[in-house]
Amino acid sequence: MQLVFASNNLNKIKEIQSILKGSIQLLSLEDIGCHEEIPETADTIEGNAILKANYVTEKYGYDCFADDTGLEVHALNGEPGVYSARYAGAQRNADDNMNKLLNTLADKNDRSAQFKTVIALNIKGEQYLFTGIAKGNIILEKKGNHGFGYDPIFEPENYKETFAELSSDIKNKISHRAKATEQLIDYLNSTK
């Protein structure tokens, strides 16, 4: 099976390909000639995933899936949430985002948080949503060199390492994106 993954984020594409283990041939936006920035103007994570999937299906005619992910911090009423990538500004810089979050949480005792990924799948004229959640805590300082985004400051439940310290094998079993992708794979396998 061949599906478009509506992303040009090479980190995400690599992570999803690793989780899929070759069961689906992934095409990136570049592969289908989509070089424009797809608007992410929804005010929810689900909404942005749907916007991206619909954009590719409507404009390019492909069955596809798109994801959106946010980090939701309990003490900040779910922020940065849908604005996670642009938390510290339009430059979308991971270090700036982490620094802003650590500064914002400096006087907070509750550091519980969760990553949430929503995948919107458009296939054969239907749309399906899959949601993955990884609960954990925001630590006090960055640790680790793997992963991307907020990984160096997020310690998942039942682990003493951050996502950026864990091997990709472990992360790709327990992460929010892995959980949503497993649901996607289960659905696709059930329709074969």
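Quick caveat, the model's predicted, so the values are computed rather than measured.
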**Q.** Note, L129 side chain near I50 side chain (heavy atom, < 4.5 Å)
**A.** yes
(Q) If we count only N and O atoms by modelled type, under 3.5 Å, do the side chains of Q127 and N54 hold a donor and an acceptor together? (A) yes
Q: Kindly compute the distance separating CG (D186) from OG1 (T191), expressed to the nearest 0.5 Å.
A: 11.0 Å
Q) Does the side chain of I119 reach to within under 4.5 Å of the side chain of T131, using non-hydrogen atoms? A) no
Q: Please name the residue in the list D68, T41, I38 that meets the side chain to side chain contact (heavy atoms under 4.5 Å, CB included) test with L51.
A: T41
Q) Is it true that atom NZ of K12 has more than 12 heavy atoms of other residues, nucleotides or ligands lying nearer than 6.0 Å? A) yes
Q.
Let me confirm one number: the CD1-NZ distance from I138 to K108, rounded to the nearest 0.5 Å.
A. 13.5 Å
Q: Start with the C-alpha distance between K171 and E15, add both sets of side-chain angles, then the distance that settles side chain to side chain contact (heavy atoms under 4.5 Å, CB included), and finish with yes or no.
A: CA-CA 9 Å; K171 183 185 174 197; E15 193 170 278; 3.0 Å; yes
Q) What's the shortest heavy-atom distance between G47 and A42, and which atoms? A) C-CB, 3.4 Å
Q: Begin with the C-alpha distance, continue with both residues' side-chain angles, and end with the deciding distance and a verdict on side chain to side chain contact (heavy atoms under 4.5 Å, CB included) for L121 and Y187.
A: CA-CA 10 Å; L121 170 67; Y187 172 77; 3.7 Å; yes
**Q.** side chain to side chain contact (heavy atoms under 4.5 Å, CB included) between D63 and T57, worked out
**A.** CA-CA 6 Å; D63 284 346; T57 300; 5.7 Å; no
Q) Between K143 and E161, is there a side-chain N and carboxylate O pair less than 4.0 Å apart? A) no
Q. Which distance, rounded to the nearest 0.5 Å, do you find between the CD1 of I45 and the CG of L71?
A. 9.0 Å
Q. Counting only N and O atoms by type, is there a donor-acceptor contact under 3.5 Å from the side chain of N145 to the main-chain atoms of A164?
A. no
Q | Heavy-atom side-chain proximity of V4 to D31 below 4.5 angstrom | A | no
Q.
Just so I know, are the side chains of D151 and T162 near enough to count as touching, which here means a heavy-atom distance under 4.5 Å?
A. no
**Q.** Rounded distance (nearest 0.5 Å) linking atom OG of S7 with atom CD of E30
**A.** 11.5 Å
Q.
Please check if the number of heavy atoms outside N77 that lie under 6.0 Å from its CG is greater than 12.
A. no
Q.
Strictly distance-based, threshold 3.5 Å: is any side-chain N or O of K52 a donor or acceptor partner for the main-chain N or O of E40?
A. no
(Q) Under a 3.5 Å distance rule, please check whether K100 uses its side chain to pair with a backbone N or O of A88 as donor and acceptor. (A) no
Q) Looking at SG of C64 and CD of Q2, how far apart are the two atoms once the value is rounded to the nearest 0.5 Å? A) 12.5 Å
**Q.** Shortest non-hydrogen separation from I139 to P152 and the atoms involved
**A.** CD1-O, 3.7 Å
Q | Side-chain donor-acceptor pair present, T117, D67, cut-off under 3.5 Å | A | no
Q. How are the rings of F65 and F5 set to each other: parallel, tilted or perpendicular (split at 30° and 60°)?
A. parallel
Q. In terms of hydrophobic clusters joined by side-chain contacts under 4.5 Å, are I123 and Y62 together?
A. no
Q) Looking at E155 and K135, does any basic side-chain N land under 4.0 Å from a carboxylate oxygen? A) no
Q.
Ignoring hydrogens and geometry beyond distance, is a side-chain donor-acceptor pair present between D169 and S167 at under 3.5 Å?
A. no
Q | Backbone N/O of Q91 and side chain of R86: donor-acceptor pair under 3.5 Å | A | no
Q | Co-membership, hydrophobic cluster, residues Y150 and I174, 4.5 Å side-chain | A | yes
Q | Closest non-hydrogen atom pair, P80 against L101 | A | CD-CD1, 4.4 Å
Q: Check step by step if side chain to side chain contact (heavy atoms under 4.5 Å, CB included) holds for K116 and V118.
A: CA-CA 7 Å; K116 177 180 178 181; V118 176; 3.9 Å; yes
Q) Do I170 and Y159 touch side chain to side chain, with heavy atoms closer than 4.5 Å? A) yes
Q: For A53 and A120, work out which heavy atoms get closest and say how close.
A: CB-O, 3.7 Å
Q | Nearest non-hydrogen partners of L105 and V73, listed with the distance | A | CD2-CG1, 3.9 Å
Q | Within one Ile-Leu-Val-Met-Phe-Trp-Tyr cluster: I13 and I32, side-chain cutoff 4.5 Å | A | no
**Q.** hydrophobic_cluster_shared for L184 and Y128, side chain cutoff 4.5 Å
**A.** yes
(Q) Membership question, hydrophobic clusters at under 4.5 Å side-chain separation (ILVMFWY): are I24 and L27 in the same one? (A) no
Q.
What's the separation between atom CZ in R111 and atom CD1 in I153, rounded to the nearest 0.5 Å?
A. 8.0 Å
Q: Give the minimum heavy-atom separation between F148 and R177, together with the two atoms involved.
A: CZ-NH1, 3.4 Å
Q: For the pair N172 and S18, evaluate side chain to side chain donor-acceptor pair (under 3.5 Å) and give the outcome as yes or no after the intermediate values.
A: CA-CA 8 Å; N172 289 343; S18 171; 3.0 Å; yes
(Q) Y55 vs E36, test: side chain to side chain donor-acceptor pair (under 3.5 Å). Steps then yes/no. (A) CA-CA 11 Å; Y55 186 92; E36 61 267 29; 2.7 Å; yes
Q | Plane angle bin for H176 and F115 - parallel if under 30°, tilted between 30 and 60°, otherwise perpendicular | A | parallel
Q: Determine yes or no for a side-chain-to-main-chain donor-acceptor pair under 3.5 angstrom, with S112 supplying the side chain and H74 the backbone.
A: no
Q.
Looking at H146, I want to see if its NE2 is surrounded by more than 12 non-hydrogen atoms of other residues, nucleotides or ligands under 6.0 Å.
A. yes
